[in-house]
Amino acid sequence: LVCDGCSRHRVRLPANPQAGKVRVCDSCASALGEDHATAVEEDLAVNAEIIKQIQRALKTMHEECDAYKAVLLELDAEATGDREPLDRYLQDPEADAFSFAVLRERAELQWASLLRDMERECARCAELVEHGRRAKADLDDVARQEEELLAAKSDLDVKLGAMDRARAERDELVRQEAELGQAVAAARRQVKDLELERRERQEQQAQRRPRFGLGDRSAGSSGTPAPFTISTGRQDNLLPRGGGVRERLDGCRRQCALM
């Protein structure tokens with residue numbers, strides 16, 4: 001150290017910076033000044049490089065921030081369907097309305113709205129799944145009922161076939177009945193005709209038969225001959241011998257009534 005008369009230089013010693021600025025000689029002050037200038041130049045160069053790096057980093061951050069802003073605005077446009085804010089941002093990116101804080105708050109609000117919509121959609125999806133499950137169960141019941149109806153239809157078809165066959169048999173029986181009725185009517189007419197022929201033959205035979213006093217033949221009101229008996233001529237032992245023809249006829253056991 002030196003006195004005030006020898007030197008007026010005061011510097012901070014690198015070896016003892018806590019002591020502050022102390023008096024040094026001129027030669028030491030000059031040497032320390034040169035060293036200090038060199039160190040300052042080096043520090044300035046380092047600081048300039050640091051500043052450049054910071055500027056490059058800030059530029060990168062600014063570009064990334066602009067990109068984030070554009071992404072946020074594009075998401076907002078897709079969420080709301082309104083592209084006007086994105087168009088205005090592309091025209092004036094430095095506007096206060098498009099600051100990162102404002103856009104972040106806007107994006108957070110849109111995100112919250114999207115989350116609520118998603119929750120509603122999830123609930124709706126769950127309802128649809130449940131509805132689909134119930135619809136599938138109903139469809140299974142309908143399919144089972146359809147199978148039962150098809151089985152019942154098959155049974156009914158079989159029964160209808162049997163009914164058709166029975167109806168055909170009934171129609172055949174009705175036809176046969178009609179034919180039998182016609183045959184019976186024809187047979188009755190034939191019998192009636194035969195009866196009339198028989199009566200005519202009997203009347204003709206009665207008219208041709210000679211009368212031997214075998215009994216009275218008186219015609220009725222209708223003109224038909226009265227019935228009479230024909231004897232076999234066999235002698236009955238119970239009748240008195242020598243009796244007349246009338247007595248033998250009354251005692252005859254075999255008689256034939258002629259109409």
Trainee: Can you check whether Asp66 reaches Glu63 side chain to side chain, under 4.5 Å on heavy atoms?
Mentor: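 Sidechains of Glu63 and Asp66: no contact.
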Trainee: Can you confirm whether more than 12 heavy atoms, excluding those of Arg199, are under 6.0 Å from its CZ atom?
Mentor: no
Trainee: Identify whether the distance between the nearest side-chain nitrogen and carboxylate oxygen of Glu169 and Arg165 falls below 4.0 Å.
Mentor: no
Trainee: Does the pair Lys136/Asp140 count as a salt bridge with the N-to-O cut at 4.0 Å?
Mentor: yes
Trainee: Would you give the length of the straight line joining atom CD1 of Ile54 to atom NZ of Lys52, rounded to the nearest 0.5 angstrom?
Mentor: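 Here the interatomic distance stands at 13.0 Å.
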Trainee: Looking at Glu148 and Arg144, is there a salt bridge between them, counting it only when a charged N and a carboxylate O are closer than 4.0 Å?
Mentor: yes
Trainee: Drop me the distance from Glu146's CD to Asp141's CG, to the nearest 0.5 angstrom.
Mentor: 12.5 Å
Trainee: Please round to the nearest 0.5 Å and tell me the distance separating atom CG of Leu73 and atom CZ of Arg83.
Mentor: 10.0 Å
Trainee: To the nearest 0.5 angstrom, please state how far the CZ atom of Arg106 sits from the CZ atom of Arg104.
Mentor: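 Going from the CZ atom of Arg106 to the CZ atom of Arg104 covers 15.5 Å.
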Trainee: Run the salt bridge (charged side-chain N to carboxylate O under 4.0 Å, His left out) check on Glu195 and Lys192 step by step: do they pass?
Mentor: CA-CA 5 Å; Glu195 181 67 20; Lys192 187 175 181 181; over 6 Å; no
Trainee: Distance check, rounded to the nearest 0.5 Å: Trp111 atom CH2 versus Met118 atom CE?
Mentor: 6.0 Å
Trainee: Can you find a pair of side-chain heavy atoms, one from Glu49 and one from Gln53, that are under 4.5 Å apart?
Mentor: yes
Trainee: Looking at Arg124 and Glu121, does any basic side-chain N land under 4.0 Å from a carboxylate oxygen?
Mentor: no
Trainee: Any ion pair linking Asp157 and Lys153 (charged N to carboxylate O, less than 4.0 Å)?
Mentor: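 Result for this pair is yes, salt bridge flagged.
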Trainee: Does Ser113 reach the main-chain N or O of Leu109 with its side chain, forming a donor-acceptor pair under 3.5 Å?
Mentor: no
Trainee: Measure the spacing between SG of Cys65 and CG of Leu58 and express it to the nearest 0.5 Å.
Mentor: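 Output value for this atom pair is 11.5 Å.
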Trainee: Let's go through Arg133 and Glu130 carefully: what are the C-alpha distance in whole Å and the side-chain angles of both, what is the deciding distance for salt bridge (charged side-chain N to carboxylate O under 4.0 Å, His left out) to 0.1 Å, and is it a yes or a no?
Mentor: CA-CA 5 Å; Arg133 187 186 63 80; Glu130 181 64 20; 2.3 Å; yes
Trainee: Report the residues that fulfil salt bridge (charged side-chain N to carboxylate O under 4.0 Å, His left out) with Asp138, sequence neighbours left out, ordered by chain and then residue number.
Mentor: none
Trainee: Any chance CD of Gln176 has more than 12 other-residue heavy atoms, nucleotides or ligands included, within less than 6.0 Å?
Mentor: yes
Trainee: Which residues, ordered by chain and number, are linked to Leu160 in its hydrophobic cluster, where ILVMFWY side chains connect at heavy-atom gaps below 4.5 Å, directly or through other members?
Mentor: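 Besides Leu160, the cluster holds Met163.
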